[in-house]
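Computed from a prediction, not measured in an experiment: that's the story for all the values here. Throughout, a chain's letter reflects where its sequence line sits, starting with A, and its residues are numbered from 1.
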Protein chains: 2
Amino acid sequence: MTALQFDSFQAIADPSRREILLMLAGDKKSINAIAEQFDISRPAISKHIKVLHQAGFITFEEKGRERYCILRQEGFDELKEWINFFDDFWKERLSKLEQLLEKNPDIAKKKNK
Amino acid sequence: MTALQFDSFQAIADPSRREILLMLAGDKKSINAIAEQFDISRPAISKHIKVLHQAGFITFEEKGRERYCILRQEGFDELKEWINFFDDFWKERLSKLEQLLEKNPDIAKKKNK
DNA sequence: CATTTGTGTAACTTCAAAGTTACATATATG
DNA sequence: CATATATGTAACTTTGAAGTTACACAAATG
C-alpha cells in the first residue's frame, strides 16, 4: 500500500474502512476483534486501521499486547464542514427563491411562454 | 478508467471532483468551462463529470452543442446520512455522560485511584 | 457546404491502493 | 523458559483509477 498520506475523504472511500468505523461506534475493539468480522486477511485490516488512524478517525489504547481502536470525533470534522457548506448553499438558494416569490407572487403562476 | 460503478463516497474521494462540485455551487457550467479551470486534459474532466453524474451529484442541461452541469442536492444525501449517524452517536454519548454525572455528581471529582 | 467548436470515447500508460504471504517482535501463559 | 497470542511490516501481485492522445460526431458559424 505504501500509503503516503490519506485525507478523510480518501479514508472513507473504502467500504471496509467505513464498516470498521461503524463497528467502532458500537464499542472500542482490538485489531483482531475487528479482523474477525471480515473475510480479508488480518494484515489487510491492520493497514486499514493505519489509514483510519492517519486520517484522524481513530486513536489507540494499548492494553498489554492488544491494541484497542477508539473512534475519534474530530476525524469527522472535515467531512462535516464539507457537507455543511453544500447544505448552507441549498438553504441559501431556497431562501433567495422565497424572497423572489414574495416580491413577485405572479412568478409562481405557470406561464406557457 | 472503465468506471464500473461509483458510489458517492468514492466520487468525492478525488480532489478534482470535489473542486468541480465547489465550482458548480457558484453556477452551472459547461464541460469546457470547467476544464479551463484545471491543468488536466479536457477528456480527463469529462470522465470526472461522468463519475459525478453516475454518483448522482450533478445533472445535465443540454444547450445546443454545450452541456451544462448542474449541482443536484440529492447526490449529497447518502453522505449526509452517514455523517448524521456519527453525529447522533456523539450526541447520544454526551447525553449519557450527562445523565451519569447528574446521578453521581461525585464522579466528576478527580480521584487518584 | 466547409470549418470551427463542444463533447464523448476508445486505446493505451502509469501508478498506487488493496490484497496476499512470510516474517519479526513483544507480551502473556503453561 | 517454551509456547501461544496480538500485532506490525516488508515484499510482492493484481487491479483499477486517473491521466494521456487520437479520433468520431453533432451543432454552430462563416
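The CD1 atom of Ile12(B) sits 18 Å away from the C1' atom of dA18(D) (whole-angstrom rounding). If you take CZ of Phe38(B) and C1' of dA18(D), they are 14 Å apart, rounded to a whole angstrom. One interatomic measurement links the two molecules: CD of Gln10(B) to P of dA16(C), which rounds to 19 Å at whole-angstrom precision. Here the P atom of nucleotide dG19(D) and the CG atom of Asp39(B) are 11 Å apart, to the nearest Å. Spacing between atom CZ of Phe60(A) and atom P of dA6(D) amounts to 17 Å, rounded to whole angstrom units. Rounded to a whole Å, the CZ atom of Phe9(A) is 17 Å from the P atom of dA17(C). Across the protein-nucleic acid pair, Ile34(B) atom CD1 and dG6(C) atom C1' stand 13 Å apart, rounded to whole Å. The distance from atom CD1 of Ile45(A) to atom P of dG19(C) is 7 Å, rounded to the nearest whole Å.
In the interface, the side chain of Lys50(B) is not paired with the base of dT7(C) through any donor and acceptor atom under 3.5 Å apart. At a cut-off of 3.5 angstrom, the base of dG8(C) holds no donor-acceptor pair with the side chain of Lys47(B).
Arg17(A) places no side-chain N or O within donor-acceptor distance of the main-chain N or O of Ile49(A), the cut-off being under 3.5 Å. Panel note: side chain Arg18(A), backbone Ala13(A); a donor-acceptor pair is recorded below 3.5 Å.
Distance from the side chain of Glu66(A) is smallest to dT7(D) among dT7(C), dT7(D), dG19(C). The side chain of Ser41(B) approaches dT20(D) more closely than any other nucleotide in the set dG8(C), dT20(D), dT20(C). Checking dG6(C), dG19(D), dA18(D) against the side-chain heavy atoms of Asn32(B) singles out dG6(C) as nearest. When the nucleotides dA18(D), dG8(C), dA18(C) are ranked by their closest atom to the side chain of Ile31(B), dG8(C) comes out on top.
Judged as a salt bridge (charged side-chain N to carboxylate O under 4.0 Å, His left out), the pairs with a partner in residues 20-29 of chain B (not counting sequence neighbours) are, in order, Lys28(B)-Glu61(B). Sorted by first and then second residue, the salt bridge (charged side-chain N to carboxylate O under 4.0 Å, His left out) pairs with a member in residues 75-84 of chain A read Lys80(A)-Asp87(B); sequence neighbours excluded. Sequence neighbours left out, not one pair with a member in residues 11-30 of chain A passes ring-ring contact (aromatic ring centres under 6.0 Å, His included).
Partners of Phe60(B) under the ring pair (Phe, Tyr, Trp, His ring centres under 6.0 Å) rule, at least two apart in sequence or in another chain, are His53(B). The ring pair (Phe, Tyr, Trp, His ring centres under 6.0 Å) check on Phe9(B) picks up Trp82(B), with sequence neighbours excluded.
Within the structure, every side-chain polar atom (N or O) of His48(B) is placed at least 4.0 Å from both OP1 and OP2 of dA17(D). Note on Ser46(A): every side-chain N or O is 4.0 Å or more away from OP1 and OP2 of dT7(D).
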If you restrict it to nitrogen or oxygen atoms, what contacts under 3.5 Å exist between nucleotides 24-27 of chain C and the protein, and what is each distance?
from    : atom 1 : to       : atom 2 : distance (Å)
dT27(C) : O2     : Arg65(A) : NH1    : 3.0

